[in-house]
Colleague: 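Starting off with a structure, shown below.
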Protein chains: 2
Amino acid sequence: MTTKAPTSSAVRLAAETWESLFRSQVAVMRRLQAGPAFKKLPIKEYDVLFTLSRCPTGKLRLNEINDHVLLSQSSLSRLVDRLETRGLVERSIAPDDGRGILLGLTAAGQELQKEIGREHVRDIAELVAPALTADEQRELLRLTEKLQAFVASK
Amino acid sequence: MTTKAPTSSAVRLAAETWESLFRSQVAVMRRLQAGPAFKKLPIKEYDVLFTLSRCPTGKLRLNEINDHVLLSQSSLSRLVDRLETRGLVERSIAPDDGRGILLGLTAAGQELQKEIGREHVRDIAELVAPALTADEQRELLRLTEKLQAFVASK
DNA sequence: CCAAAATAGATGTATTTGCATGTATCACCG
DNA sequence: CGGTGATACATGCAAATACATCTATTTTGG
């Protein structure tokens, strides 16, 4: 099979689209991380608590968490050290794989996640809801999910 | 005037939308920065060269650049130090404001930006173009631009 | 079953980042 | 004007991050 060469206009469109997605993320993230909630805990550390809180089993492998954040493996390992030192998460050995580490929230971790989460969600809503109609938000959600799914499958 | 209280479903939609936008950015960025082009220059440093290359006058104030990247003022100052040491950019004093610094690309900086840029754009196209139709990309572009414009105006 | 390769995570170490602060210039107001 | 506060950028220093490497476990191929 031959792979069709992309036209230069198609390449340009993709580049512009990514550029805009990236810049909008920068703009929103800048505002969000300036919120007072993240004086208590840096947003990257909160994100790990959040990810754990969303997980049905309550526990995740470090390498699974690593897929969700833009950090190197060693940086995540140390970030988790900090969370563990503060008593917000607990490491345990994965039952089915002796190399793996399962991470779970402690009661204090759940508490802090919810506390920060409430404020964070408010901030998000203040920033995103007035910018786009509900239909536009649903479409943006759909498109970013589709993009993410494609990238993950590649 | 009374500000309408957002419904909880509206808050939830905004939060989910942002979450998806953010994760898609993480997924794409992870791939892009793993590209071989960014062995030569970290992607954050490339981004500054790119921003300068797009600018009509060829020069930008540091604080303008700072609005486009997710870095503190001091981190950008040091990033520019590194670029300057490598001979890729030049600092000059802003003519209309003695406090300000104008940053411009050197010939070597332009060269390297183009070189990395060609490969980078190819990588973007490979990741984004097959994921979404042209119409979907245009819509994603429109929505992220709208979001960014709102956030910037706030 | 065993040896070799692969994978998960931790750790030493150099680099990058951010916070607090410093210096210089500018803008405003009496 | 003159002085007070604001703005733009740089810098000292502590913290976070990445790269290379290490250990331990699992997987694979003979």
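Heavy-atom basis, side chains included; hydrogens, waters and symmetry copies ignored. Letters go in sequence order (proteins before strands), and every chain restarts at 1.
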Colleague: Can you find an N or O donor on one side and an acceptor on the other, under 3.5 Å apart, linking the side chain of A/Arg78 with the base of C/dG9?
Modeller: no
Colleague: Quick one: is A/Arg82 getting a side-chain N or O under 4.0 Å of the D/dA16 phosphate, OP1 or OP2?
Modeller: yes
Colleague: Indicate whether any N or O donor in one side chain lies under 3.5 Å from an N or O acceptor in the other, for B/Thr144 and A/Ser20.
Modeller: yes
Colleague: Give every donor-acceptor pair under 3.5 Å between a side-chain atom in residues 33-42 of chain A and any protein atom, sequence neighbours left out.
Modeller:
unit_1	atom_1	unit_2	atom_2	d
A/Lys40	NZ	A/Glu115	OE2	2.5

Colleague: Determine: side-chain N/O of B/Asn63 to OP1/OP2 of D/dC9, distance under 4.0 Å, yes or no.
Modeller: yes
Colleague: Show your reasoning for whether side chain to side chain contact (heavy atoms under 4.5 Å, CB included) applies to A/Asn66 and A/Leu62.
Modeller: CA-CA 6 Å; A/Asn66 219 152; A/Leu62 290 188; over 6 Å; no
Colleague: For A/Leu13, which fellow cluster members are found when Ile, Leu, Val, Met, Phe, Trp and Tyr are connected by side-chain heavy-atom distances below 4.5 angstrom, either directly or through intermediates?
Modeller: B/Leu141
Colleague: Please check the phosphate of D/dA10 (OP1 and OP2 only) for any side-chain N or O of B/Ser77 closer than 4.0 Å.
Modeller: yes
Colleague: Looking at A/Asp67 and A/Arg61, is any side-chain nitrogen of the basic one under 4.0 Å from a carboxylate oxygen of the acidic one?
Modeller: no
Colleague: Along nucleotides 24-29 of chain C, 5' to 3', which nucleotides get a B, which get an S, and which get a -, given that the test is a protein heavy-atom distance under 4.0 Å?
Modeller: -BS---
Colleague: How bent is the helix from C/dC1-D/dG30 to C/dG30-D/dC1, measuring the angle between the end axes built from five pairs each, rounded to 10°?
Modeller: 40°
Colleague: Determine whether A/Met29 and A/Ile43 satisfy the following criterion, side chain to side chain contact (heavy atoms under 4.5 Å, CB included), listing intermediate values before the conclusion.
Modeller: CA-CA 9 Å; A/Met29 180 60 84; A/Ile43 195 163; 3.7 Å; yes
Colleague: Listed in order of residue number, which residues of residues 66-74 of chain A have a non-hydrogen atom at under 4.0 Å from DNA chain C?
Modeller: A/Gln73, A/Ser74
Colleague: Taking only heavy atoms on the protein side, list every residue of residues 37-56 of chain A lying under 4.0 Å from any atom of DNA chain C, sorted numerically.
Modeller: none
Colleague: Less than 4.0 angstrom between a side-chain N/O of B/Ser75 and OP1 or OP2 of C/dG18, yes or no?
Modeller: yes
Colleague: Apply the test salt bridge (charged side-chain N to carboxylate O under 4.0 Å, His left out) to residues B/Glu139 and B/Arg142: give CA-CA distance (whole Å), side-chain angles for both, the deciding distance (0.1 Å), then the verdict.
Modeller: CA-CA 5 Å; B/Glu139 183 65 359; B/Arg142 186 183 75 82; 3.0 Å; yes
Colleague: Using 4.0 Å as the upper bound for N to carboxylate O, is an ion pair formed by A/Arg23 and A/Glu19?
Modeller: yes
Colleague: Any ion pair linking A/Arg138 and A/Asp135 (charged N to carboxylate O, less than 4.0 Å)?
Modeller: yes
